[in-house]
Amino acid sequence: MNLTAIKAIYIFEMTRFFRTLLQSFVSPVLSTSLYFVVFGAAIGSRIETVEGVSYGAFIVPGLIMLSVMTQSTANASFGIYFPKFIGTIYELLSAPVSFVEIMIGYVGAAASKALLVGLIILGTAFVFVDLNIAHPVAMIAFLLMTCFSFSLLGFIIGIWAKNFEQLQLIPLLVITPLVFLGGSFYSISMLPPVWQTITMFNPVVYLISGFRWAFFGEAEVSIGLSLLAIALFTGACIAVIGWIFKTGYRLKS
Amino acid sequence: MSAIVSAKDVTKIYEGGFHALKAVSLDIEQGEILALLGPNGAGKTTLISVICGMVNATSGSISVGGHDIVDDFRGARSLIGLVPQELSLEPFEKVINSVSFSRGLFGKPRDDAHIEKILRQLSLWDKKDARVKELSGGMKRRVLIAKALSHEPRVLFLDEPTAGVDVELRKDMWEIVRGLRADGVTIILTTHYIEEAEAIADRVGVINDGEILLVKDKAELMAQMGRKELIIELQDPITEVPAALGAYDLVIGKDGQSLEYAYDTRGERTGITALLSDLAAQGLVLKDVSTSQSSLEDIFVGLVGDAA
């Protein structure tokens with residue numbers, strides 16, 4: 001294992017993150033605050049409680065998940081796409097590093113950034129609503145697993161993308177709708193029965209449900225199913241990345 | 001001397017069927033400077049890319065310092081430094097971070113003194129905290145060289161290092177290259193500037209259409225292939241070559257003031273003595289005599305032209 005190289009990639013990526021502080025930190029915090037104001041304060045004041053939790057508090061796990069998933073995907077996909085775009089990928093390919101080490105460096109950095117953003121949003125949430133976290137350790141664990149699995153997905157997208165349009169395509173057309181329809185802002189039980197069934201095919205439902213359980217001790221689907229969903233998703237991403245590395249797909253001609 | 005880079009029957013067929021390398025075999029000796037000459041699309045960059053790991057060969061094998069580039073890619077690649085043709089650099093990064101990153105990527109422990117030495121050598125020390133995007137093209141080229149040298153390679157590939165580079169940098173670069181060679185670093189460069197290959201290389205390889213046409217000691221190549229030209233300036237202009245001198249294939253120069261005689265230095269007899277005495281016999285008065293040797297460029301154009 002070339003640990004020095006992993007460290008070099010990780011630090012290089014994190015430097016980029018802190019260089020674009022405004023974009024990296026301020027924008028997620030601002031947009032989350034807007035969600036709190038609009039959904040929590042304005043609309044939420046007309047809603048009594050959802051699943052026995054005040055609406056403002058109820059949306060906190062979903063909001064964090066929304067940001068963490070989009071941030072992980074965006075960070076990791078951009079992280080590996082950018083060297084391809086500007087040509088500096090030559091250095092990664094000609095260095096004595098394996099693909100696995102490259103992946104650990106990029107995915108590790110992307111996940112760290114997303115984790116930081118998630119924690120900052122959590123901190124912001126405390127400003128707006130009263131929160132009691134029922135299972136803090138499980139909450140952090142769910143957060144970490146989500147950061148890593150979606151960073152893996154982002155890494156795949158970044159390698160697959162041939163241009164900036166493709167880079168935006170999957171996050172925009174797939175991830176954002178899945179997250180919004182995954183119960184970020186509502187309880188699945190509020191939907192008509194047909195939609196409840198359809199929603200069960202959305203993997204994000206299981207992540208948000210598990211995460212919400214960590215906060216409030218109540219879940220819409222069993223916690224075991226949530227863990228299984230994350231494990232399956234992570235496994236699928238690792239399998240695809242393994243295939244990419246084996247074939248050099250869109251990395252080496 | 002032993003080969004530090006050894007390529008055997010390396011073939012590369014790109015997706016779409018382009019045959020970039022056709023069974024290329026090449027041994028690069030430890031400590032030499034090898035210049036690879038060839039027109040655009042000849043396969044120079046593909047060959048370098050295969051050796052360095054950016055492109056997979058379709059068939060054939062390569063070892064660097066005894067390490068197979070596939071089975072023991074870590075061993076092979078840790079010996080190699082690469083300065084690519086394109087100015088590919090992360091634009092928003094500071095110069096020093098970009099260079100330190102390269103060292104880390106190659107698994108070498110941090111060494112600020114070494115980085116400083118390289119940056120000073122390349123006149124980049126003043127710019128160490130500048131963002132890469134603020135630099136001129138020549139400066140970016142220096143950063144690329146610094147990145148390649150940051151991890152102390154034993155084999156350095158310079159892919160068209162002087163394309164679009166000012167005279168000063170070119171001078172600096174050759175000074176560094178000579179310094180590296182003195183330290184035992186093997187250097188492989190591709191260039192369009194034949195005079196550079198001529199000035200700096202120990203051996204010259206000519207590659208065209210995916211095939212290595214020849215690899216020769218530069219001096220030997222020039223001696224073997226070198227045709228010389230004798231230029232005889234005349235006191236009085238002439239309009240045609242006297243019939244008695246017909247056997248020499250003389251060409252009348254501009255204004256009829258000179259005669260040009262081409263001869264082969266490899267020949268047993270160059271015919272110069274006979275020509276001069278025959279000129280005198282024809283009553284032609286000589287003003288001056290000079291010779292010129294064909295450059296690598298002439299040799300190169302001749303070779304590539306023949307192959308086409």
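Convention: sequence-line order gives letters A, B, ...; per-chain numbering from 1.
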| message | For the CG atom of N56(B) and the CG atom of L251(A), what is their distance to the nearest 0.5 Å? | response | 10.5 Å
| message | Is it true that, when you exclude F126(A) itself, more than 12 heavy atoms of the residues, nucleotides or ligands shown sit nearer than 6.0 Å to its CZ? | response | yes
| said: Heavy-atom cut-off 4.5 Å, strictly under: side chain, backbone, both or neither for S49(B) against chain A? | reply: neither
| request: With a 4.5 angstrom heavy-atom cut-off, could you sort out which part of F101(B) is near chain A: side chain, backbone, both or neither? | output: both
| field | Gap separating the CG atom of L144(B) from the OH atom of Y90(A), nearest 0.5 angstrom | value | 5.0 Å
| Once you round to the nearest 0.5 Å, how far does CE of M54(B) lie from CD1 of I89(A)? | 10.5 Å
| remark: To the nearest 0.5 Å, atom OG of S94(A) lies from atom CG of L105(B) at 7.5 Å
| Over 12 non-hydrogen atoms of neighbours within 6.0 angstrom of NZ in K7(A) | no
| query | Between T15(A) and E93(B), do the side chains contain an N or O donor and an N or O acceptor separated by less than 3.5 Å? | reply | no
| message | Are there residues of residues 234-244 of chain A whose heavy atoms fall under 4.5 Å of chain B's heavy atoms? If so, which? | response | none
| said: Only pairs of heavy atoms separated by less than 4.5 Å count here; which of A95(A), S98(A), A5(A) has the most with chain B? | reply: A95(A)
| query | Side chain, backbone, both or neither: which part of K108(B) has a heavy atom under 4.5 Å from chain A? | reply | backbone
| In terms of heavy-atom proximity below 4.5 Å to chain B, should L92(A) be classed as side chain, backbone, both, or neither? | both
| Any idea which of L3(A), I11(A), V97(A) has the most non-hydrogen atom pairs under 4.5 angstrom with chain B? | V97(A)
| Separation between CZ of F106(B) and CG of N2(A), rounded to the nearest 0.5 Å | 9.5 Å
| For atom NZ of K162(A), is the number of surrounding heavy atoms from other residues, nucleotides or ligands below 6.0 Å larger than 12? | no
| note | Among residues 73-91 of chain B, those lying within the under-4.5 Å heavy-atom range of chain A are F73(B), R74(B), R77(B), S78(B), L82(B), P84(B), S88(B), L89(B), E90(B), P91(B)
